[in-house]
Amino acid sequence: MARYNPKEAEPKWRAAWAAADVFRAQIDHARPKYYALEMFPYPSGSLHMGHVRNYSLGDVVARYKRARGFSVLHPMGWDAFGLPAENAAMERGVDPRAWTYDNIAKMRDELKRLGLSIDWSREFATCDPAYYGKQQAWFLDLWKRGLVYRKEGVVNWDPVDQTVLANEQVVDGRGWRSGAVVEKKKLAQWFLRITDYADQLLDGLATLDRWPEKVRLMQENWIGRSRGLKFAFQFDGTAPAGFDGLDVYTTRPDTLFGASFVGIAADHPLAERLAADPRIAAFIAQCRKGGASEAEIETAEKIGVDTGLRVVHPFDSSWTLPVWIANFILMDYGTGAIFACPAHDQRDLDFARKYGLPVKPVVLPPGEDPATFAVGSEAYTGPGTIYNSAFMDGLDVEAAKAAAITRIESQGQGQGATVFRLRDWGVARQRGWGCPIPVVHCPACGVVAVPKSALPVALPEDLDFSRPGNALARHPTWKDAACPDCGGPATRETDTLDTFVDSSWYFDRFTCPDADEPIDKAAADYWMPVDQYVGGIEHAVLHLLYARFINRALHDAGMLSVAEPFTGLFTQGMVTHETYRRQTGEWVEPSLLDIKAEGNTRRAVLMETGEPLVIGDVEKMSKSKRNTVAPGEIFDAYGVDAARLFVLSDSPPERDVQWTTSGVQGAWRFINRVWDEFDSQPPPAAASGEPDAAALALRRATHRLVKAMTEAVESFRFNSGIAQLYSFLNVLKDNPAKSATSALLAERHAALSVFARLMAPFTPHLAEEAWARIGGEGMVVNAPWPDYDRALTVDEVVVLPVQVNGKRRGEISAPAGADPADVEKIVLADPEIARKLEGLTIRKVIVVKDRIVNLVAN
RNA sequence: GCGGACGUGGCGGAACCGGUAGACGCGACAGACUUAAAAUCUGUUUUCCCCUGGAAGUGCGGGUUCGAGUCCCGCCGUCCGCACCA
């Protein structure tokens, strides 16, 4: 049997594709367009299996759509700014620019080796001045439109990376990259007004019907829209200087008559104003000390201090409420102040019980008696009828909310309000390896935009990264500039933009990588939106929310016609591997060990010494657990197609896939068996006469395969599709060329031609080699996806299982589409089934056409 | 605590609309080829039993239905996201 030789075939076909320039994307209004995109990689220097999976998945889509006649855009670039380059520079004394471009060169070679259907002519890196200069241009446009502002504010400070983090980049109170506990720091910051788009971003989710429900939900929760009432309490007696009233926000205005006290955050300006009182000062200090980590919040007891101030109830001027400072109220949500209704809010209840404050129920649960209903240690938050509430008595919760809002509005004390959890996006980073914010600070004119003619504001060549901190800020001359307005001496802004800004519009730029404007509208109008975006779930709220925001902002600035950038999103699972440790606890990498199987148990030993190892959990491939497998080594051993095939075949794409050596060997075996079928097929001979039974059966199987594969690819069930290819190969093996009639040989040739086209998105190199072997015209990459005849996907005679009372008791054969009455006759005439029915009377016969027969009998 | 997803052989998984549960692959076992091994090929492989057949079986307990892995109710478990959000 001839072995398939990927070492020879794979480079040959990649060269052939490149020579024919087949993947160049071209605007062609005669054809439907398709934009397939995978999240672009950070150029870390080496390809890992996660990349192999991500880009193989996207490549299946891109190649399939090409074969279906779409004009396809499938580009690639590099998310190239960011801290790893600075860290490499600091640790090894290399230049971050050189380090990054070297890594890009290495990874480009590895990616090209994967045989992806990429239009490489559109490649760029976000650290190219030609890219970030255009980013600076639209940044200034957004500034002009009021979407960029500077504000002194409390920011999340990562003490390890020495930079500011956005809220989205703080996970469990720690920096998303460094893992360091985040500190609060006051700093002048640049913000993008993402909150202006909160409603749009939320409502837009409803239109994204080809996004995973999970991601839409995560964004919905992150944006966190809530509707309620914002109103001001008047102080009883003299108001503290500078305070007319006390603004609070509530989603439960229906419970206003259950008010017990008013609470403010420790960071609230009023609390700070009262800090002259040492008791209050001490309490504020105590609150600030408390960490923001998950565990601390979980266990933190609700504590507070009474300010001594009192405010007047909005619906009863004779009723006053005490004002407390409480640790469970957050300054950065709502107004940083609440009115508390302990009977119907658990936090308020815990607090009220601790400090002996009143608990007065105002919502009566259905079926409860108002005379006896009482709240114990659990607040009642369910539906019910309002009572103890003057003008709201008898209303249900929703009606009471509306009534309370109307009354407050008519009193001029406040109004219905929508509040978001989403905060504006702090985009400035105190880093040298990033896109400079294109402004100068002039002592006379203030903050002044750099004119577009002077863009890009490029990074200097000679940044010093030997020490932590902002290399740009300490550069001796770079920041010196003339003010564009008055010409006087001024200082450049030394903050750079968050790298998530870089990745928020690269897909737009891919449509026109050489345009003078940031986005060429004609090109973007043709290609956008991205029809299928593929990437990891970890970007569910970071990148995917920012990109949606920026795209909308650019749309509103007239640069784009499309508001939502990605109409289809697919989030793929991770690549995992078993972990192995020595008895001492040290991790051992897979290449150093041997797995021995005894029956159903497996044992791992160190290859060199035979030392037994502990087989641990299956986890995401990571350097720290040493459970990685280098793609390059797999490509060398089995070829690229085997690696692609395995990561695509072994699990559904959205789930994690477990890398195993035996699995990739299975894929390699399949490739050789496929090759053997093509290799053993003699040159096409004239088909002789009518196809015989075997040929017809093969034809039907082929049409069934096309149907199954088409449906599997369309619905991202690539693993099932590949299983169909495996099954079909078994059919081919059962009809070998060497013993075939000439009619069957002709049918085999047709089947192989279909097979080559169906496997092309998955194993593109093998498909070309196989296509050439059977004399296919041109390259398979240019061959159309095969069609199928629905009539041929069903057999003429179907085997129907026959159940008696729901249990399988036999089967019969019937013509496809046979009338239920005829099927019933066949069933009743069957002696085997008659035997099973002995002593029973048939009560009912259910015939499901071409599927099953069920006899109900007793 | 809130929200969501998922529980199927030794393993990854299939079963798309409620219609033969376990496709396909991996592993294991047996056989062929071989001096031998690797590779390759052929076969078997959910469990149990009184084995020409039969029973049970998709986390557990109920329900709907002629028929449930699939739908409904209640538990249990695993994973993910958010988390003092007023």
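First the proteins, then the strands, lettered A, B, ... as listed; each starts at 1. The structure displayed is predicted, hence computed values, not measured ones.
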Suppose you measure atom [atom1] in [N] against the same atom in [M]; what distance do you get, rounded to whole Å?
N: B/C60; M: B/U52; atom1: P; answer: 31 Å
N: B/G9; M: B/G59; atom1: P; answer: 7 Å
N: B/U65; M: B/C73; atom1: C1'; answer: 16 Å
N: B/C48; M: B/G43; atom1: P; answer: 24 Å
N: B/A36; M: B/U46; atom1: C1'; answer: 36 Å
N: B/C24; M: B/G13; atom1: C1'; answer: 9 Å
N: B/A28; M: B/G10; atom1: C1'; answer: 8 Å
N: B/G22; M: B/G7; atom1: C1'; answer: 16 Å

Looking at RNA chain B, which of residues 642-655 of chain A put a heavy atom within less than 4.0 Å of it?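 Those residues are A/D650, A/S651, A/P652, A/R655.
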
Establish, yes or no, whether a centroid distance under 6.0 Å links the rings of A/F231 and A/F233.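 Yes, they do, as the ring centres are separated by less than 6.0 Å.
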
Sequence neighbours excluded, which residues qualify as salt bridge (charged side-chain N to carboxylate O under 4.0 Å, His left out) partners of [X]?
X: A/K625; value: A/E619
X: A/R704; value: A/D795
X: A/D830; value: none

Mind checking what makes side chain to side chain contact (heavy atoms under 4.5 Å, CB included) contact with [X], not counting sequence neighbours?
X: A/D734; result: none
X: A/K620; result: A/M574
X: A/P269; result: A/F243, A/M331
X: A/V182; result: A/N156, A/L165, A/V170

Which helical stems does RNA chain B take part in, if a stem means at least 3 consecutive Watson-Crick or G-U pairs with both distances below 3.5 Å? B:1-7 with B:76-82, B:10-12 with B:24-26, B:27-32 with B:40-45, B:46-49 with B:53-56, B:59-63 with B:71-75

Euclidean distance, atom [atom1] of residue [X] to atom [atom2] of [N] [Å, nearest integer]:
X: A/I671; N: B/G25; atom1: CD1; atom2: C1'; result: 14 Å
X: A/R421; N: B/C82; atom1: CZ; atom2: P; result: 8 Å
X: A/I537; N: B/G81; atom1: CD1; atom2: P; result: 9 Å
X: A/I595; N: B/C11; atom1: CD1; atom2: C1'; result: 13 Å
X: A/M218; N: B/A83; atom1: CE; atom2: P; result: 11 Å
X: A/D348; N: B/A86; atom1: CG; atom2: C1'; result: 7 Å
X: A/E378; N: B/C2; atom1: CD; atom2: P; result: 10 Å
X: A/K596; N: B/G10; atom1: NZ; atom2: P; result: 25 Å

Using 30° and 60° as the class boundaries, would you call the ring planes of [X] and [Y] parallel, tilted or perpendicular?
X: A/F351; Y: A/Y355; result: tilted
X: A/F261; Y: A/W324; result: perpendicular
X: A/W675; Y: A/Y4; result: tilted

Closest listed nucleotide, where the reference is the side chain of [X] and the choices are [options]:
X: A/S226; options: B/C85, B/A86, B/G27; answer: B/A86
X: A/K844; options: B/C66, B/C84, B/G27; answer: B/C66
X: A/W222; options: B/C82, B/A56, B/A86; answer: B/C82
X: A/R669; options: B/G27, B/C85, B/G81; answer: B/G27
X: A/S662; options: B/G27, B/G81, B/C84; answer: B/G27

Answer with base, sugar-phosphate or nothing: what part of the nucleic acid does A/I329 contact at a heavy-atom distance below 4.0 Å?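 The answer is base, as A/I329 lies within the cut-off (heavy atoms under 4.0 Å) of a base atom.
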
Assign A/G666 to base, sugar-phosphate, or nothing according to its heavy-atom contacts below 4.0 angstrom with the strands shown.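 A/G666: backbone/sugar contact only, no base atoms under 4.0 Å.
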
Below 4.0 angstrom from OP1 or OP2 of B/A86, is there any side-chain N or O of A/Y333? yes

Compare side-chain N and O positions of A/R673 against OP1 and OP2 of B/U40 and report whether any pair is under 4.0 Å apart.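 Checking B/U40 against A/R673, no side-chain N or O comes under 4.0 Å of OP1 or OP2.
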
5' to 3', nucleotides 15-24 of chain B under a 4.0 Å protein heavy-atom cut-off (B base, S sugar-phosphate only, - none) gives SB--BB--BS

Is a donor on one side and an acceptor on the other found under 3.5 Å between the side chain of [X] and the backbone of [Y]?
X: A/K7; Y: A/D636; result: yes
X: A/R644; Y: A/F762; result: yes
X: A/Q724; Y: A/A708; result: no

Assert: residue with more 5' nearest nucleotide on RNA chain B, out of A/R602 and A/F339, is A/R602

Between A/N805 and A/G334, which is nearer to the 5' end of RNA chain B once each is assigned its nearest nucleotide?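 Of the two residues, A/N805 wins.
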
Taking N or O atoms only and anything under 3.5 Å, show me the protein contacts with nucleotides 50-54 of chain B, one pair per line.
| unit_1 | atom_1 | unit_2 | atom_2 | d |
| --- | --- | --- | --- | --- |
| B/G54 | OP1 | A/K836 | NZ | 3.4 |

Base of [N] relative to its sugar, syn (within 90° of 0) or anti?
N: B/G9; answer: syn
N: B/C60; answer: anti
N: B/C51; answer: syn

Please assess A/E220 against A/R216 for the test salt bridge (charged side-chain N to carboxylate O under 4.0 Å, His left out), listing each intermediate value before the final yes or no. CA-CA 6 Å; A/E220 198 178 307; A/R216 288 190 289 175; over 6 Å; no

Given the rule in the side chain to side chain contact (heavy atoms under 4.5 Å, CB included) test, do A/R347 and A/K302 qualify, once you have shown the distances and angles that lead to the verdict? CA-CA 8 Å; A/R347 292 154 305 171; A/K302 292 188 178 34; 3.4 Å; yes

Selection residues 647-659 of chain A - residue pairs positive for side-chain hydrogen bond (donor to acceptor under 3.5 Å, both in side chains), sequence neighbours left out: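 For residues 647-659 of chain A: none.
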
